[in-house]
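The structure presented is a predicted model; accordingly, all values stated were derived computationally and were not measured.
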Amino acid sequence: MEFGKSKADVSGSSDCGLYENTNISTGNTTAKTQIMKIEEELYEPIEFCDSSKRKMKSGYNDTLKRLKCVILIITLLMIVVFITLISLAIVLLVPKSSVDSHWAQWSSWTSCDVTCGNGKHLRLRTCTNQLATTHECIGESLQTGECTNGNCTVGGQWSHWSSWTSCDVTCGQGTHLRSRTCINLVQANDVIDCPGKTVQTAECSKGNCPVDGQWAYWSRWTSCDVTCGTGSRLRTRRCTNPRPENKGNDCIGGSLQRSQCSVGTCSVNGQWAYWSSWTLCDVTCGKGSKLRTRRCTNPMPENKGRDCIGESLQSSLCSEVNCPADMSAFSVTQPDSYSKINGINKLNFSSTIYKFGNDFNISTGTYTCSTPGVYHFSAALVKKRDTSRVDRVYCYLNKNFQNLIYISVNPTDDDTDKGHAAVSQSIVINLDAGDTVYLTGCNGQPSTYMDRWSSFTGFLLYHRK
């Protein structure tokens, strides 16, 4: 054999090589060795190594041996699985006609198919196949036989059922029935009855029954239909307990009930009575006026009711004979109300003592100058007599919008003043055409504090050239 060349370790350590269990040592030389070529099918290449390389080589060989062992085991397992699958395929795919078969044991007999007298029962067996290539089971798998279960008792015979009777109600759900008779048999001097019932019942229907209506409970009373005084209230009920159905009767009676109710005392608003007759014309010559009055008494306001709306005094123009030239005078009495002119309350009088000319208007209580001159005016105030104390009475005499004199009557300063008292004041003034003179600023209603004798007078003294 030939060896190839290799280098020796210069350190003096010995190298080693393995060739078919033969150790080969080399000297500590640097000469190259030749490695012989070995036939591939008979030998493995030789390899030289030191001690550490030998250990690595040995571990590698052990791992290689274990791997080969695992591959061999897996291969054997695959062969076993393959053989098993082939065997199962043979068993499943072989036709039954080619399998040998034989009968199993017969089963026990079943119970007799009658409860009395003669009847039949049966038994079964199954065909069991074997893994063979012979024919199937020849013979029957079912076998029948006769059996007896004692003597039967003979009973009576039923006749045919009768027709159903009429339903026992005229409406709604009810019942009807039918019957049959037993024809008894005699056996060994014993009478044998028929088994079962002689009468049979069933439900029947005659349509829905009519339902008469009945009233439900009354509702609560409504509130009184007035806010004061006597009124009425209502309550209702409905025919729903139950409702009338299937041509049943409606409820009897009314569905609405009314009752009287009261809510305190009502306030009464005042209403005017009829107008009085017109008074006489307030002048004896020239153009004047006449009056009529009405009172808030139809009815009077009560329980905080409203007063009458409108005027209680109404005036109308009237005409008398022509007055003498340059004559103007008036005197009126009975103060009873105020007229509001341009925001000023002017005292009115309801009775005329005399009147000359057209300068004084009794409906407004105002004297309007038509002729420039010197005039005399006077006012008399009379305090009313009463059982209770009446306070002082006062007014202002105005020219246009200016206070001229103050008229006041107040006899005492204490609360004992209950009788009459009067005062009168007068003034002489110059008036131009269009100037006005009137009483204003009086206290309270005239009819409350002033007596009917109170008066207002004026007249022309002389012309002013």
Side-chain angles (χ1 to χ4, degrees), residues 1-113 120-145 147:
M1 62 181 67
E2 293 181 0
F3 294 91
K5 295 180 180 180
S6 64
K7 291 183 179 180
D9 187 37
V10 295
S11 62
S13 62
S14 61
D15 294 330
C16 65
L18 179 63
Y19 183 80
E20 289 186 351
N21 297 325
T22 302
N23 289 327
I24 301 175
S25 298
T26 59
N28 191 10
T29 63
T30 59
K32 295 181 181 180
T33 59
Q34 283 189 337
I35 300 174
M36 299 179 63
K37 293 182 179 179
I38 306 169
E39 293 181 4
E40 293 180 1
E41 67 275 9
L42 294 178
Y43 302 99
E44 292 180 357
I46 194 169
E47 181 179 355
F48 296 95
C49 62
D50 57 14
S51 61
S52 61
K53 290 182 179 181
R54 279 199 307 269
K55 291 180 181 179
M56 292 177 62
K57 184 66 175 181
S58 175
Y60 173 77
N61 290 335
D62 292 339
T63 301
L64 184 60
K65 289 179 181 180
R66 285 194 296 270
L67 182 60
K68 289 180 180 180
C69 183
V70 171
I71 293 173
L72 178 60
I73 292 172
I74 292 173
T75 302
L76 292 175
L77 289 175
M78 292 179 65
I79 293 172
V80 171
V81 172
F82 179 74
I83 294 173
T84 302
L85 292 176
I86 293 297
S87 300
L88 289 175
I90 293 173
V91 172
L92 296 176
L93 297 177
V94 172
K96 291 183 179 180
S97 58
S98 62
V99 178
D100 191 12
S101 303
H102 67 277
W103 289 110
Q105 295 293 326
W106 285 103
S107 66
S108 300
W109 287 102
T110 61
S111 301
C112 202
D113 61 355
K120 291 184 179 181
H121 59 175
L122 54 87
R123 63 179 181 176
L124 301 171
R125 63 177 178 175
T126 57
C127 180
T128 303
N129 296 324
Q130 300 291 334
L131 290 176
T133 58
T134 58
H135 58 78
E136 294 180 354
C137 299
I138 307 187
E140 297 179 349
S141 61
L142 176 64
Q143 193 176 54
T144 60
C147 60

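The nearest pair of heavy atoms linking G139 to W103 is O-CZ2, 3.6 Å. The minimum heavy-atom distance between S111 and H121, with the atom names listed, is O-CB, 3.8 Å. The two residues E140 and W106 have their closest heavy-atom pair at O-CH2, 3.6 Å.
Shown are T84, L85, I83; of these, the side-chain contact (heavy atoms from CB on, under 4.5 Å) with V81 is made only by L85.
A heavy-atom distance below 4.5 Å is found between the side chains of W109 and Q143.
Here the straight-line distance linking atom CG of L72 with atom CG of L77 works out to 10.0 Å at 0.5 Å rounding. In this structure, OG on S108 lies 11.5 Å from CG on L122, to the nearest 0.5 angstrom. Atom OG1 of T126 and atom CD of Q105 lie 10.0 Å apart (nearest 0.5 Å).
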Output, in order, the C-alpha distance, side-chain angles, deciding distance and verdict of side-chain contact (heavy atoms from CB on, under 4.5 Å) for K68 and L64. CA-CA 6 Å; K68 289 180 180 180; L64 184 60; 4.0 Å; yes
